[in-house]
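Here's the structure we're looking at; comments come further down.
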Amino acid sequence: MKTSLLHNLGLYLKIKGLSSLRLAREIPFVYILLILSGLIVGFLFMIKLPVNNSFSTVSISIILYALIGIRFFSIREKEFVLLKSLNISIYTVNFIRYALWAAVFFLLTVRIGLLALLLACILPLFDKTVKFSNPTIPSFYKKSAYQWLSAFRQSILWIFIFGGLMVIISLFYSNLNMLYVAMGILICLPCFFSFYLTGDDGSWLRVYKNTSKLLKIKLFELMIHSLIPAIVLFPFALFLSPFFPLLQMEIIFITVNILIFYSFYLGFPHVLSSYILNAFFVSVSVFLWQIIAFYAIIPTVLLICILHIILSYHLNGLLHVKTEIKN
């Protein structure tokens, strides 16, 4: 029985490895170097990051571990069919994924790593019962904002739950840093999930013939859905944070959302390109805010204006190609 399970796991890993290798061959070599560089920098950053075993630090780490794990490690329908054909349980595969993910948290502290490993034994049990699609759950997203609404039904509800818990914990323990992290999760992650995890099949190419109208609608949706959590969180955050630093943090988070939007459509239809653009633009913006504080709003606005012009040309090209195909 054990030999059969190990054999089937080997076949499963071989199939996934071949699939990943096929995907990697389609990625330009320069992008691969950038991804590897980012992973190395992230690894070194986590090793040198000064982390203690305080309650707030452990809470943030474990919440992020669970949130990212639940979202990314859920078994999809095609993979479920493959596992069933190989007679491999969902729990086994998900435990391996969560355990490997827990290994990353050992780079912070041993205690956080052990807690993450404990969760690796528990979280896979919920894979069969937890559903990310529930159209009956009410939301403030309109049907026209299909990306945001779809992401809410899949993931954003969980973000609100985890982020809300972090806000409550940070207020209870008067932890300002944890509060800022929670605000970043509640303001930025819904935007990121709406574009990158829900994706866009390009249906807007069949609906909009005017690039300026498309950008106005998309930007309006973005600003509304970014401002709602920012406005709701603001009075609660004032219990711990001074007014102007809090205002600056919320402007940074909304700026990150705007850059996520421009990066996604500048890279469209190549998601990997948009990931790289997003990482670059957000890093530059955050670096400017750290160096010159509130004055960073000037170069940031200039960057957004330049991206808007470039995106207008890019979308015009896509719409032009689509029109030629139709004709």
Side-chain angles (χ1 to χ4, degrees), residues 34 38 140-141 144-145 147-148 151 159 163 176-177 179-196 200 204 208 210-235 237-238 241-268 270-319:
L34 288 173
F140 58 85
Y141 298 116
S144 56
Q147 287 171 275
W148 294 85
I159 295 174
L176 182 59
N177 291 330
L179 177 64
Y180 284 156
V181 172
M183 290 175 63
I185 289 173
L186 289 169
I187 296 173
C188 297
L189 273 188
C191 177
F192 181 83
F193 278 20
S194 297
F195 288 105
Y196 285 97
D200 197 328
W204 44 273
Y208 301 99
N210 189 318
T211 302
S212 61
K213 185 178 180 181
L214 167 64
L215 288 175
K216 284 179 183 178
I217 292 174
K218 293 287 186 181
L219 283 170
F220 178 77
E221 292 174 355
L222 173 75
M223 293 307 298
I224 289 295
H225 298 143
S226 299
L227 285 171
I228 288 175
I231 292 171
V232 171
L233 289 168
F234 198 85
L238 282 175
S241 174
F243 181 85
F244 285 105
L246 177 60
L247 180 64
Q248 179 177 321
M249 288 302 299
E250 291 209 337
I251 291 174
I252 292 173
F253 292 141
I254 293 172
T255 301
V256 168
N257 282 0
I258 295 172
L259 293 174
I260 287 172
F261 166 79
Y262 280 109
S263 301
F264 178 80
Y265 284 108
L266 277 172
F268 187 87
H270 305 292
V271 179
L272 181 61
S273 300
S274 64
Y275 271 121
I276 294 172
L277 290 172
N278 183 27
F280 175 74
F281 293 142
V282 171
S283 299
V284 169
S285 178
V286 172
F287 176 76
L288 289 173
W289 280 96
Q290 288 180 337
I291 297 300
I292 55 178
F294 205 81
Y295 293 102
I297 197 169
I298 298 173
T300 300
V301 169
L302 181 62
L303 173 62
I304 291 173
C305 290
I306 294 171
L307 292 178
H308 187 86
I309 295 170
I310 297 173
L311 181 58
S312 297
Y313 280 105
H314 178 63
L315 293 181
N316 274 326
L318 291 175
L319 292 171

Could you measure the distance from the [atom1] atom of [X] to the [atom2] atom of [Y]? Nearest 0.5 Å is fine.
{"X": "Ile297", "Y": "Leu302", "atom1": "CD1", "atom2": "CG", "result": "12.5 Å"}
{"X": "Ser312", "Y": "Leu307", "atom1": "OG", "atom2": "CG", "result": "10.5 Å"}
{"X": "Ile298", "Y": "Leu288", "atom1": "CD1", "atom2": "CG", "result": "11.0 Å"}
{"X": "Ile304", "Y": "Thr300", "atom1": "CD1", "atom2": "OG1", "result": "6.5 Å"}
{"X": "Leu266", "Y": "Tyr313", "atom1": "CG", "atom2": "OH", "result": "14.0 Å"}
{"X": "Phe261", "Y": "Glu221", "atom1": "CZ", "atom2": "CD", "result": "9.0 Å"}

**Prompt:** Taking the six-membered ring for Trp, are Phe192 and Phe264 ring centroids under 6.0 Å apart?
**Reply:**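 Ring-ring flag for Phe192/Phe264: false, centres at least 6.0 Å apart.
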Distance-only, no hydrogens or angles: does the [X] side chain make a donor-acceptor pair with backbone N or O of [Y] under 3.5 Å?
{"X": "Ser285", "Y": "Phe281", "answer": "no"}
{"X": "His314", "Y": "Ile310", "answer": "no"}
{"X": "Asn257", "Y": "Ile187", "answer": "yes"}

**Residue from Ile254, Leu277, Leu303, Val284 passing side chain to side chain contact (heavy atoms under 4.5 Å, CB included) with Leu259** =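 It is Leu303; the other options fail the test.
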What are the two closest heavy atoms between [X] and [Y], and how far apart are they?
{"X": "Gly163", "Y": "Ala182", "answer": "O-CB, 3.9 Å"}
{"X": "Tyr180", "Y": "Ser241", "answer": "OH-OG, 2.7 Å"}
{"X": "Met183", "Y": "Ala237", "answer": "SD-CB, 4.0 Å"}
{"X": "Pro190", "Y": "Ser194", "answer": "O-OG, 2.6 Å"}
{"X": "Phe195", "Y": "Leu222", "answer": "CE1-CD1, 4.3 Å"}

**Message:** As a quick check of understanding, evaluate side-chain contact (heavy atoms from CB on, under 4.5 Å) for Ile231 and Glu250, giving each step before the final call.
**Reply:** CA-CA 9 Å; Ile231 292 171; Glu250 291 209 337; over 6 Å; no
